[in-house]
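Structure, as structure tokens:
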Amino acid sequence: MKDLHSLINSVPRLHLLESDFLREMGVEVYVLRLDELHPIISGNKWYKLKYNLDEARRGNGILTFGGAFSNHIYAAAWACNQLGIPSVGIIRGEETQPLNNIMKSAKNWGMEIKYISRSDYRKKAESKFLDDLKAQYANFHIIPEGGANEIGVRGAEEILSRIEIYYSHIACSIGTGAMMGGLVNSVKHMAKVIGYSSLKGGAFLVDEVRHFVRNNEVGFEISIDYHFGGYAKSTPELEKFIEDFKNDYDIQLDWVYNGKMFYGLFHDILKGKFEKGAKIIAVHCGGIQK
């Protein structure tokens, strides 16, 4: 059985963004390149899956949840394929043909895909719903959407472990809140953590993050103004920003998470939200399918 730990570059590099705009604003932005960890199981997905996969090896497989554009489903399917672990993905909504790259790849890697209605999907944390799945998939390790459990948060707490420079802020995208909870728990210098929601109506995420947070002395906030219509939705304005960002900094962003986070971060810098001298580490959480 393969050891995925040997396949992952677990020392992500910091990339300082150089531009007249940032110099004029007196702010330094470093990109933590989690997207470079691995071509498939990239970014925060590796951190949130690594201990869940260790747990799954003790049982019959994994069962997890996500939407049709879920990078978590994509990463989990590949990792289980490499480890020889059966995997089941419970997917929100109806099957759409032709399959996108994520769904097509997950099936090719052997994941059993089960589509359920959005109303049933909202029950995914209810005891009756989970008990029915456990009866159907005996001794499968159940991983919540996005790897958002205590084991996943423990992995996310390692994201900042190799950073030695001083920083005043951490910026990240937020979907389920697990990565942000891990960042808040492990942040240094009493830096503030700012999450940019990719979901429309993301105010509820404050409670989701607080559920995972142990370090109550660290301040965090969630911006809900840059969702561009909601999860997995985009606009020409966002697409233009992603194109310009690639041209200016030679870093590819996605339109589900990172594009929205960097758009929001740059807009907040322009508005003067950060004092001169601020040193921001922006976490590129991966999600760029190869």
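Keep in mind that the numbers below use all heavy atoms, side chains included, and drop hydrogens, waters and symmetry copies.
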* Lys260 (side chain) donor-acceptor with Gly230 (main chain) under 3.5 angstrom -> yes
* To do: Please work out which of the three classes, parallel, tilted or perpendicular, describes the rings of Tyr263 and Phe241, given edges at 30° and 60°.
  => perpendicular
* Asked: What orientation do His189 and Tyr167 show, parallel under 30°, tilted 30 to 60°, or perpendicular over 60°?
  -> perpendicular
* So, Glu112 versus Tyr137: side-chain donor-acceptor pair below 3.5 Å or not? -> yes
* Can you find a side-chain donor-acceptor pair between Tyr74 and Ser105 that sits under 3.5 Å? -> no
* To do: Give a yes or no on whether the backbone of Gly181 and the side-chain of Asn185 come within a donor-acceptor separation of less than 3.5 Å.
  => yes
* To do: Over 60° means perpendicular and under 30° means parallel, so classify the ring planes of Phe274 and His169, tilted if in between.
  => perpendicular
* To do: Could you tell me the separation between the NE2 atom of His141 and the CD atom of Glu55, rounded to the nearest 0.5 Å?
  => 5.5 Å
* Over 60° means perpendicular and under 30° means parallel, so classify the ring planes of Phe65 and Phe129, tilted if in between. => tilted
* Asked: Judged by atom type as modelled, is there a donor-acceptor pair below 3.5 Å linking the side chain of His284 to the main-chain atoms of Gln252?
  -> yes
* Donor-acceptor side-chain pairing of Ser198 and His227 below 3.5 angstrom -> no
* Asked: Would a 4.5 Å heavy-atom cut-off, applied to side chains only, mark Leu37 and Pro12 as touching?
  -> yes
* Asked: Are Asp244 and Lys240 ion-paired here, with the side-chain N under 4.0 Å from a carboxylate O?
  -> yes
* Under the side-chain hydrogen bond (donor to acceptor under 3.5 Å, both in side chains) criterion, do Tyr51 and Glu150 qualify, and how do the steps go? -> CA-CA 10 Å; Tyr51 296 120; Glu150 295 296 338; over 6 Å; no
* Any donor-acceptor N or O pair under 3.5 Å, side chains Asp268, Tyr196 -> yes
